[in-house]
There are 2 protein chains.
Amino acid sequence: MSKSPDVSTLTTPAIAAGQGTGGSSETGYAAKHTPSPASEATLNTDKLEEVKKLFTAHLENKGLRKTGERYAILEEIYARSGHFDVDELYAGMKERGLQVSRATVYNTLDLLVEQGLVSKHQFGRNLAQYEKSYGYRQHDHVICTECHKVVEFCDPRIHGIQTMVGDLLNFHILHHSLNLYGICGDCRAQAAARNTHA
Amino acid sequence: MSKSPDVSTLTTPAIAAGQGTGGSSETGYAAKHTPSPASEATLNTDKLEEVKKLFTAHLENKGLRKTGERYAILEEIYARSGHFDVDELYAGMKERGLQVSRATVYNTLDLLVEQGLVSKHQFGRNLAQYEKSYGYRQHDHVICTECHKVVEFCDPRIHGIQTMVGDLLNFHILHHSLNLYGICGDCRAQAAARNTHA
DNA sequence: ATCTATGCAAAGTTTTTGCAGCACG
DNA sequence: CGTGCTGCAAAAACTTTGCATAGAT
C-alpha cells in the first residue's frame with residue numbers, strides 16, 4: 001500500500017544534490033541515490049557482518065536468545081534501501097522464502113530500534129516507517145504533503161540544538177527526528193497547471 | 001494583552017525551563033494520558049474570537065458549511081491546554097454535554113490542521129496528538145522515552161534550516177516537526193536509585 | 001429546496017497479545 | 001531439559017467509510 005518514493009540526501013551547507021525537480025515521476029523505489037559521504041562506499045557485505053556482531057553483542061548483553069529469525073530480519077533490513085514499513089519487510093522476506101511471523105517482525109524491530117541499528121519514523125500517517133541506521137549518517141527528512149515523496153538532508157545545526165536543549169532541560173537526548181513538511185516542486189507545478197486550465 | 005502561555009516553553013538562547021504534558025501509566029495502549037481538565041488558565045476569550053473568525057473565513061473560502069459542531073470542536077480545543085488525542089477531546093466534549101460524533105471530530109480536526117489552527121504530532125507511538133496553534137509560538141518537543149513526559153522548546157535555528165532546505169530542494173515548506181527523544185532527569189534519577197540498591 | 005455534514009456503526013489498518021509447541025543455551 | 005521465542009490467529013487501538021437524515025444556505 002504505502003510506497004517508498006525516491007530518496008536522496010542533501011547536506012545543507014553544501015550545494016544541493018542532483019535531485020533535480022525534473023524527473024521525479026513518482027517511481028517505485030528502484031532508484032536509491034544515496035550520495036557518497038566518505039563513510040559509505042563499501043557495499044553492505046562487510047557492513048552486514050559488523051551489524052550482526054553488534055546485534056549479537058546486544059542480545060548477549062540483555063540475555064536474549066540468538067535466533068535465526070532475528071538474524072534473518074536483520075539481514076533483510078540491511079539488504080533493503082530506503083524506508084519501509086512492517087508490511088513491506090514482511091512481504092519482502094516471504095518473497096525470498098524467509099518465512100517469519102509478523103509478531104516476530106515487530107518484536108525484532110523493537111529490539112533493533114532500541115539498539116539504534118534501525119530507526120523508526122512517523123511521517124504524518126499512522127504507519128510506522130523504518131530504515132537501517134548503522135554506519136549511515138544521521139539525517140532528516142522533507143516530506144511532500146501532496147505526493148508523499150521523502151527527501152533526506154543533513155544539517156549540522158541540529159546537533160547543536162540537540163545538545164543545548166538536552167543540557168538546559170536536563171534530558172539525556174538519545175536521538176531526534178526532524179521532519180519538514182511542504183509541497184515539492186513537481187506538485188506545485190501540477191497545481192499551477194491546473195490553475196491555468198481553469 | 002492576553003498572552004499568558006499556559007504551557008511553559010523553553011527558548012534556547014534564554015533559560016526558562018518548563019514542563020508539558022505529564023506522563024502516564026505505561027502498559028502499551030491500555031491507558032491514556034490523564035485528560036487535562038481545560039477549565040483553568042486564562043480564558044482566551046478574545047483569542048477565541050479571533051480564531052473563530054479565521055475558521056469562518058476558511059470555511060467560507062472553501063465553500064464549507066458553518067455548523068455548530070465545527071465551532072463546538074474548535075472551542076473545546078482552544079479551551080484545552082497542552083496536548084490531547086482524539087479520544088480525550090471526544091470525552092471532554094461529552095463531559096460538557098457537547099455531544100459530537102467521532103467522525104465529526106476527525107473531520108473537523110483535519111480541517112483545522114489544514115488551516116494551521118491546530119497542529120498534529122506523532123510522538124513515537126501510533127497515536128495522533130493535537131494541540132492548538134494559533135497565536136502560540138511555533139515550538140518543538142523533547143519527549144522522555146521512559147515516562148513519556150513532553151517538554152516544549154523554541155530554537156530560532158530551526159527556522160533557518162527550514163528555509164535553507166526548502167530553497168535548496170525546491171520545496172515550499174509549510175511546517176516542521178522536531179522531536180528530541182531522551183531520558184529526563186527524573187527517570188535517570190530513578191534508574192540511578194535502583195542501581196544503588198543492587 | 002438543495003445538498004452538505006452529521007451520526008452511527010461497521011469495516012479497515014496497523015499493532016499487540018495469548019497460548020501451544022519448538023529450539024536456543 | 002527448562003524457558004524464552006516463534007507462529008498463528010484473535011483482539012485491541014485507532015481511523016475511515018457508507019448510508020440515512022438533520023440542517024445550513
Side-chain angles (χ1 to χ4, degrees), chain A residues 1-3 55-74 76 83-91 93-94 97-114 118 120-130 148, chain B residues 24-33 52 55-74 76 83-91 93-94 97-114 118 120-130 148:
Chain A
M1 314 226 53
S2 38
K3 45 183 178 177
F55 189 37
T56 300
H58 187 243
L59 292 175
E60 287 176 347
N61 256 354
K62 302 201 67 172
L64 301 172
R65 291 182 177 169
K66 293 164 241 166
T67 69
E69 288 84 352
R70 284 174 175 166
Y71 286 100
I73 291 167
L74 182 63
E76 174 73 21
H83 305 110
F84 56 87
D85 60 41
V86 171
D87 234 48
E88 287 168 1
L89 187 65
Y90 179 77
M93 294 188 70
K94 202 163 200 171
L98 299 169
Q99 178 67 294
V100 174
S101 85
R102 271 198 170 74
T104 303
V105 172
Y106 278 104
N107 170 26
T108 304
L109 278 171
D110 282 350
L111 279 171
L112 291 167
V113 168
E114 174 191 300
V118 168
K120 181 179 181 177
H121 305 290
Q122 306 269 168
F123 292 139
R125 334 203 246 160
N126 304 304
L127 170 62
Q129 305 250 127
Y130 297 85
H148 296 117
Chain B
S24 67
S25 52
E26 253 277 8
T27 339
Y29 273 119
K32 312 233 140 122
H33 293 221
K52 276 191 192 168
F55 189 38
T56 299
H58 184 66
L59 292 175
E60 286 176 348
N61 255 354
K62 302 199 67 170
L64 301 172
R65 292 184 176 167
K66 294 166 241 164
T67 70
E69 289 85 353
R70 285 174 173 165
Y71 286 101
I73 291 168
L74 181 64
E76 174 73 21
H83 306 109
F84 56 88
D85 61 40
V86 171
D87 235 48
E88 287 168 1
L89 187 65
Y90 179 77
M93 294 187 69
K94 201 163 200 173
L98 299 169
Q99 178 66 297
V100 174
S101 87
R102 273 198 169 75
T104 302
V105 172
Y106 278 103
N107 169 26
T108 305
L109 277 171
D110 282 350
L111 278 172
L112 291 167
V113 168
E114 174 190 300
V118 168
K120 181 179 181 176
H121 306 289
Q122 305 267 166
F123 292 138
R125 333 204 250 154
N126 303 305
L127 171 61
Q129 306 249 127
Y130 298 84
H148 297 117

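Just so it is clear: chains get the letters A, B, ... in the order the sequence lines come, proteins before strands, and each one is counted from 1.
- Closest to the side chain of B/Leu127, out of D/dC14, C/dA5, D/dC8, is D/dC14.
- Note on ring orientation: taking the six-membered ring where Trp is involved, the planes of B/His121 and B/His83 are perpendicular (angle over 60°, cut-offs 30° and 60°).
- Contact check, B/Tyr106 against D/dT16: no side-chain N or O comes under 4.0 Å of OP1 or OP2.
- Between B/Asp110 atom CG and C/dT6 atom P there is a gap of 12 Å when expressed in whole angstrom units.
- Remark: C1' of C/dT6 and OH of B/Tyr71 are 16 Å apart, rounded to the nearest angstrom.
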(request) Could you give me the CA-CA distance, side-chain angles and deciding distance for A/Ile73 and A/Phe55, then say whether side chain to side chain contact (heavy atoms under 4.5 Å, CB included) is met? (result) CA-CA 11 Å; A/Ile73 291 167; A/Phe55 189 37; over 6 Å; no
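- Dashed line: the shortest gap from a side-chain N or O of A/Asn126 to OP1 or OP2 of D/dC14 is not under 4.0 Å.
- Here the nucleotide nearest the side chain of B/Val86, chosen from C/dT6, D/dT15, C/dT15, is D/dT15.
- Atom CG in A/Leu111 sits about 13 Å away from atom P in C/dT16, given to the nearest Å.
- Contact annotation: B/Arg70 side-chain N/O to C/dT6 OP1/OP2 distance is under 4.0 Å.
- Going from atom CD of B/Gln122 over to atom P of D/dA13 covers 18 Å, rounded to whole Å.
- Taking atom OH of residue A/Tyr90 and atom C1' of nucleotide D/dG7, one finds them 9 Å apart after rounding to whole Å.
- OP1 or OP2 of D/dG23 has not a single side-chain nitrogen or oxygen of B/Thr67 nearer than 4.0 Å.
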(message) As a quick check of understanding, evaluate side chain to side chain contact (heavy atoms under 4.5 Å, CB included) for A/Leu89 and A/Leu109, giving each step before the final call.
(response) CA-CA 10 Å; A/Leu89 187 65; A/Leu109 278 171; 4.3 Å; yes
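- Atom pair B/Arg102:CZ and D/dT17:C1' shows a separation of 16 Å (rounding to whole Å applied).
- Spacing between atom CZ of A/Arg125 and atom P of C/dT14 amounts to 9 Å, rounded to whole angstrom units.
- OP1 or OP2 of C/dA5 has not a single side-chain nitrogen or oxygen of B/Asn107 nearer than 4.0 Å.
- With DNA chain D read from its 5' end, the first of the two nearest nucleotides for B/Lys66 and B/Ala103 is the one closest to B/Ala103.
- Here the CD atom belonging to A/Glu76 is positioned 12.5 Å from the OG1 atom belonging to A/Thr108, to the nearest 0.5 angstrom.
- In this model, the phosphate group of D/dC5 is not approached by any side-chain N or O of A/Thr104 to a distance below 4.0 Å at OP1 or OP2.
- Side-chain to base pairing of B/Arg65 with D/dT25: no donor and acceptor N or O lie closer than 3.5 Å to each other.
- Atom-to-atom, CG of A/Leu98 to P of D/dT6 comes out at 14 Å; the value is rounded to the nearest Å.
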(message) Pair B/Glu69, B/Val105 - check side chain to side chain contact (heavy atoms under 4.5 Å, CB included), show working.
(response) CA-CA 9 Å; B/Glu69 289 85 353; B/Val105 172; over 6 Å; no
